*Asks:* 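This is the structure I want to talk about, given as structure tokens.
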Amino acid sequence: MTDREINIKDYDYELPEERIAKFPPAKRGDSKLLFWDGAPHCSHFDNIEDFLPEGATLVFNNTKVIRARLMFFKDSGARIEIFCLEPHAPADYERAFAATDSAEWICMVGNLRKWKEGALKTEFTHEGVTHTLSAERVGATEKEQIVRFTWSDRSLTFGQMLELLGRIPIPPYLNRESREEDNTRYQTVYSKFEGSVAAPTAGLHFTDEMLERLSRNGHPMAEVTLHVGAGTFLPVKSENAAEHHMHVEHFSVRKETVKKLIDGYGNIIAVGTTSVRTLESLPALGYRIMKNGSADYDRTIGQWESYDIPENIGGKELLESLYERMDTDGMDKIECSTRIMITPPYIWRVIRGMFTNFHQPQSTLLLLVSALIGDGWRDIYRFAMDNGFRFLSYGDSSLLLPPKETK
């Protein structure tokens with residue numbers, strides 16, 4: 001796949017600073033909706049049922065954003081920001097958040113040159129008692145630092161430490177410090193499992209009342225979990241986007257969700273690009289099983305692995321292969337990681353359409369949108385710009401429904 005030529009400059013547009021939504025709307029769900037089915041239409045997000053196909057199954061990413069930014073100050077007054085990206089030891093999220101003595105995380109460190117050696121410490125008060133959190137550099141990866149955290153009160157878990165001291169990592173392009181409202185508004189109402197350092201923002205528009213109404217009116221719902229990494233903000237620096245190295249993200253999918261995908265096949269609507277990437281990673285596991293008899297869940301799904309699936313094998317067949325293996329092995333849930341990159345042209349094997357916000361120019365997310373709707377993305381973004389839509393994470397929504405069948 002890397003011999004393909006994808007000129008990233010073909011996915012550029014002018015995004016004025018004033019069109020970036022720096023804050024969420026006053027009321028959750030009070031957003032505009034752009035519906036596209038070959039032509040753009042302007043509406044309000046509360047009217048999504050006017051545009052959803054009858055009986056469409058909606059798939060949500062139920063990850064929860066963690067308060068991943070920790071601030072420390074040296075005796076000199078220098079501020080060191082530690083941004084927790086993913087657990088290192090223990091390596092899985094559940095055990096890392098439950099740790100009560102120490103935890104090591106792979107981190108980005110702001111002002112690293114000021115942190116030559118030694119431990120950083122910060123004091124905090126919990127239930128009237130003062131405690132200390134310490135951070136020490138114990139190693140490094142190619143680009144990040146491995147930081148060991150220890151704390152004086154062992155009745156607290158590391159997850160509780162983040163809740164007490166951490167800050168929500170709002171996107172860097174907002175160019176502002178996080179506020180109290182971000183703790184709830186940069187989080188979906190259906191978030192459950194901690195692990196993301198960025199929100200699955202297409203889901204920020206949904207309210208509890210809206211979800212209840214959709215379910216009541218015949219729209220089945222399913223959930224996946226993909227922990228969104230900081231790599232989602234990485235720009236494409238290569239002129240040929242096919243040379244861009246996608247970041248690894250961890251996901252889990254329950255057996256009951258795979259069954260819902262099979263039952264609703266051909267009418268699956270993903271809520272957000274993270275749900276899309278999770279769902280479109282599943283056929284790669286199904287193909288591994290068909291080809292090798294094993295899904296090999298410990299091996300990350302490669303950046304171009306989905307493109308190696310023969311065109312004559314449909315998505316439903318691949319999902320059934322995965323479901324049958326899970327059933328045979330007595331598995332209630334699969335856990336894996338993915339580096340999937342979706343660029344045009346692409347054979348869609350699971351989703352029929354998706355909800356998504358409006359993305360940055362020259363980004364992998366805009367490539368994904370283009371893979372779904374083709375060059376029509378330019379018309380959509382021009383329409384959004386001309387009709388006062390707000391862009392990026394806290395911006396307005398779109399429902400993209402290509403007038404074609406899922407393979």
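Predicted, not measured: the structure shown is a model, and the values here were computed from it.
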*Asks:* Kindly say whether Arg79 contributes a backbone atom to a donor-acceptor pair with the side chain of Asn111 at under 3.5 angstrom?
*Replies:*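 Indeed, once roles are kept as given, a pair shorter than 3.5 Å links the two residues.
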*Asks:* Given side chain to side chain donor-acceptor pair (under 3.5 Å), test His250 with Asp92 step by step and report yes or no.
*Replies:* CA-CA 10 Å; His250 303 278; Asp92 67 89; over 6 Å; no
*Asks:* Which residue pairs satisfy the salt bridge (Lys or Arg N to Asp or Glu O under 4.0 Å) criterion with at least one member in residues 39-68, sequence neighbours excluded?
*Replies:*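 Residue pairs with at least one partner in residues 39-68: Asp46-Arg213, Glu49-Arg213, Arg67-Glu163.
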*Asks:* Does the pair Ser398 and Thr356 meet the rule for a side chain to side chain donor-acceptor pair (under 3.5 Å), with working shown?
*Replies:* CA-CA 5 Å; Ser398 67; Thr356 190; 5.4 Å; no
*Asks:* Please tabulate, for the side chains in residues 318-325, all donor-acceptor contacts under 3.5 angstrom to protein atoms that are two or more places apart in sequence or on a different chain.
*Replies:*
{"unit_1": "Ser321", "atom_1": "OG", "unit_2": "Gly286", "atom_2": "O", "d": "3.3"}
{"unit_1": "Arg325", "atom_1": "NH2", "unit_2": "Gly293", "atom_2": "O", "d": "3.4"}

*Asks:* We want to know whether Ser196 and Thr63 form a side-chain donor-acceptor pair, criterion being a heavy-atom distance below 3.5 angstrom.
*Replies:* yes
*Asks:* Counting heavy atoms not belonging to Asp375, are there more than 12 under 6.0 Å from its CG?
*Replies:*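 No, the 6.0 Å shell around CG holds no more than 12 heavy atoms from other groups.
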*Asks:* Give me the atom names and distance for the closest heavy-atom approach of Val228 to Ala198.
*Replies:* CB-O, 3.3 Å
*Asks:* Kindly give the heavy-atom pair with the smallest separation between Val65 and Pro169, and that separation in Å.
*Replies:*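 So the two residues come closest at CG1-CD, 3.9 Å.
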*Asks:* So do the side chains of Leu156 and Thr100 get within less than 4.5 Å of each other, counting heavy atoms only?
*Replies:* no
*Asks:* Verify whether the ring centers belonging to Phe206 and Phe355 lie closer than 6.0 Å.
*Replies:* yes
*Asks:* Can you tell me how the ring of Trp377 sits relative to the ring of Tyr381, calling it parallel under 30°, perpendicular over 60° and tilted otherwise?
*Replies:*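 Perpendicular, since the angle between the ring planes exceeds 60°.
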*Asks:* Between Trp105 and Leu85, is there a side-chain heavy-atom distance shorter than 4.5 Å?
*Replies:*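 Not in contact.
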*Asks:* Taking the basic N atoms (NZ, or NE/NH1/NH2) and the acidic carboxylate oxygens, is any pair closer than 4.0 Å for Asp263 and Lys259?
*Replies:*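 Yes, charged N to carboxylate O under 4.0 Å.
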*Asks:* I would like to know whether Asn240 and Asn7 meet side-chain contact (heavy atoms from CB on, under 4.5 Å); could you show each step before the answer?
*Replies:* CA-CA 5 Å; Asn240 178 11; Asn7 190 343; over 6 Å; no
*Asks:* Using side-chain contact (heavy atoms from CB on, under 4.5 Å), reason through Leu33 and His44 one step at a time and then give a plain yes or no.
*Replies:* CA-CA 5 Å; Leu33 175 72; His44 188 274; 5.9 Å; no
*Asks:* Any idea which heavy atoms bring Cys84 and Val197 closest together, and the distance?
*Replies:* O-CG1, 3.3 Å
*Asks:* Between Trp151 and Phe158, is the gap from one ring center to the other below 6.0 Å?
*Replies:* yes
*Asks:* State, with a plain yes or no, whether a side-chain heavy atom of Ser306 is found less than 4.5 Å away from one of Tyr346.
*Replies:*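 Ser306 reaches Tyr346 side chain to side chain.
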*Asks:* Does any non-hydrogen side-chain atom of Thr57 lie less than 4.5 Å from one of Tyr265?
*Replies:*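 The answer is no; the side chains never approach within 4.5 Å.
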*Asks:* Do Leu372 and Pro402 make a side-chain contact, defined as non-hydrogen atoms from C-beta onward lying under 4.5 Å apart?
*Replies:*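 Yes, at least one pair of side-chain atoms sits under 4.5 Å.
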*Asks:* List the atom of Tyr186, the atom of Ile170, and the distance in Å for their closest heavy-atom pair.
*Replies:*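 Smallest interatomic distance, heavy atoms only, reads CE2-CA, 4.2 Å.
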*Asks:* Give the C-alpha distance, both sets of side-chain angles, the deciding distance and a yes or no for salt bridge (charged side-chain N to carboxylate O under 4.0 Å, His left out) between Arg176 and Asp182.
*Replies:* CA-CA 11 Å; Arg176 66 173 177 84; Asp182 295 310; 2.9 Å; yes
*Asks:* Step by step, work out the salt bridge (charged side-chain N to carboxylate O under 4.0 Å, His left out) result for Glu305 and Arg339.
*Replies:* CA-CA 9 Å; Glu305 190 170 341; Arg339 295 182 62 227; over 6 Å; no
*Asks:* Could you walk me through whether Phe251 and His227 pass the ring pair (Phe, Tyr, Trp, His ring centres under 6.0 Å) check?
*Replies:* CA-CA 6 Å; Phe251 71 87; His227 293 313; over 10 Å; no
*Asks:* Taking atom CE of Met108 as the centre, report whether more than 12 heavy atoms of other residues, nucleotides or ligands fall under 6.0 Å from it.
*Replies:* no
*Asks:* With salt bridge (charged side-chain N to carboxylate O under 4.0 Å, His left out) as the criterion, how do Lys192 and Glu223 come out once you've worked through the C-alpha distance, each side chain's angles and the decisive distance to 0.1 Å?
*Replies:* CA-CA 10 Å; Lys192 292 184 177 72; Glu223 295 183 352; 2.8 Å; yes
*Asks:* May I have the list of side-chain donor-acceptor pairs in residues 11-18 shorter than 3.5 Å, sequence neighbours left out?
*Replies:*
{"unit_1": "Asp12", "atom_1": "OD2", "unit_2": "Gln362", "atom_2": "NE2", "d": "3.2"}
{"unit_1": "Tyr13", "atom_1": "OH", "unit_2": "His359", "atom_2": "O", "d": "2.5"}
{"unit_1": "Glu17", "atom_1": "OE2", "unit_2": "Lys22", "atom_2": "NZ", "d": "2.9"}

*Asks:* Determine whether Cys107 and Phe83 satisfy the following criterion, side-chain contact (heavy atoms from CB on, under 4.5 Å), listing intermediate values before the conclusion.
*Replies:* CA-CA 5 Å; Cys107 303; Phe83 188 172; 5.7 Å; no
*Asks:* Sequence neighbours excluded, which residues qualify as side chain to side chain contact (heavy atoms under 4.5 Å, CB included) partners of Arg137?
*Replies:*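 Expected list: Leu112, Trp115, Gln145.
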*Asks:* When the ring centroid of Phe23 is compared with that of Tyr394, is the distance short of 6.0 Å?
*Replies:* no
*Asks:* Among Thr274, Thr278, Thr188, which residue meets the side chain to side chain donor-acceptor pair (under 3.5 Å) test with Asn61?
*Replies:*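 Answer after filtering Thr274, Thr278, Thr188: Thr274.
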*Asks:* Is the shortest side-chain heavy-atom distance between Arg390 and Phe358 below 4.5 Å?
*Replies:* no
*Asks:* Step by step, work out the side chain to side chain donor-acceptor pair (under 3.5 Å) result for Asn357 and His205.
*Replies:* CA-CA 10 Å; Asn357 288 8; His205 308 279; 2.9 Å; yes
*Asks:* If every non-hydrogen atom of Leu366 is compared with every non-hydrogen atom of Pro361, which pair is closest and at what distance?
*Replies:* CD2-CA, 4.2 Å
*Asks:* Could you tell me if the side chain of Leu368 sits less than 4.5 Å from the side chain of Val276, heavy atoms only?
*Replies:* yes
*Asks:* Just wondering, more than 12 heavy atoms not from Arg167 lying within 6.0 Å of its CZ?
*Replies:* no
*Asks:* Search all heavy atoms of Thr300 against all heavy atoms of Arg288 and return the closest pair with its distance.
*Replies:* O-NH2, 3.3 Å
*Asks:* Do Met385 and Arg19 have side chains that get closer than 4.5 Å, going by heavy atoms?
*Replies:* yes
*Asks:* Does Arg179 have any salt bridge (Lys or Arg N to Asp or Glu O under 4.0 Å) partners at least two apart in sequence or in another chain, and if so, which?
*Replies:*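 Residues passing salt bridge (Lys or Arg N to Asp or Glu O under 4.0 Å) with Arg179: none at all.
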*Asks:* Run the side-chain donor-acceptor check on residues 69-76: report pairs under 3.5 Å with partners two or more places apart or on a different chain.
*Replies:*
{"unit_1": "Arg69", "atom_1": "NE", "unit_2": "Glu81", "atom_2": "OE2", "d": "2.6"}
{"unit_1": "Arg69", "atom_1": "NH2", "unit_2": "Glu81", "atom_2": "OE1", "d": "3.4"}
{"unit_1": "Lys74", "atom_1": "NZ", "unit_2": "Lys114", "atom_2": "O", "d": "2.8"}
{"unit_1": "Ser76", "atom_1": "OG", "unit_2": "Ala78", "atom_2": "N", "d": "3.4"}

*Asks:* Working note: His41 + Asp37, criterion side chain to side chain donor-acceptor pair (under 3.5 Å); need CA distance, chi angles, decisive distance, verdict.
*Replies:* CA-CA 9 Å; His41 312 272; Asp37 59 354; 3.2 Å; yes
*Asks:* Can you list the steps and then say if Lys32 with Phe45 is a side-chain contact (heavy atoms from CB on, under 4.5 Å)?
*Replies:* CA-CA 5 Å; Lys32 298 176 76 169; Phe45 193 78; over 6 Å; no
*Asks:* Please evaluate residues Trp36 and Phe383 with respect to the criterion ring pair (Phe, Tyr, Trp, His ring centres under 6.0 Å), reporting the C-alpha separation (whole Å), side-chain torsions for both, the decisive distance (0.1 Å), and the verdict.
*Replies:* CA-CA 11 Å; Trp36 186 87; Phe383 181 90; over 10 Å; no
*Asks:* For Glu249 and Arg277, run salt bridge (charged side-chain N to carboxylate O under 4.0 Å, His left out): C-alpha distance rounded to whole Å, both residues' side-chain angles, the deciding distance at 0.1 Å, then the answer.
*Replies:* CA-CA 10 Å; Glu249 290 176 315; Arg277 295 182 67 244; 2.2 Å; yes
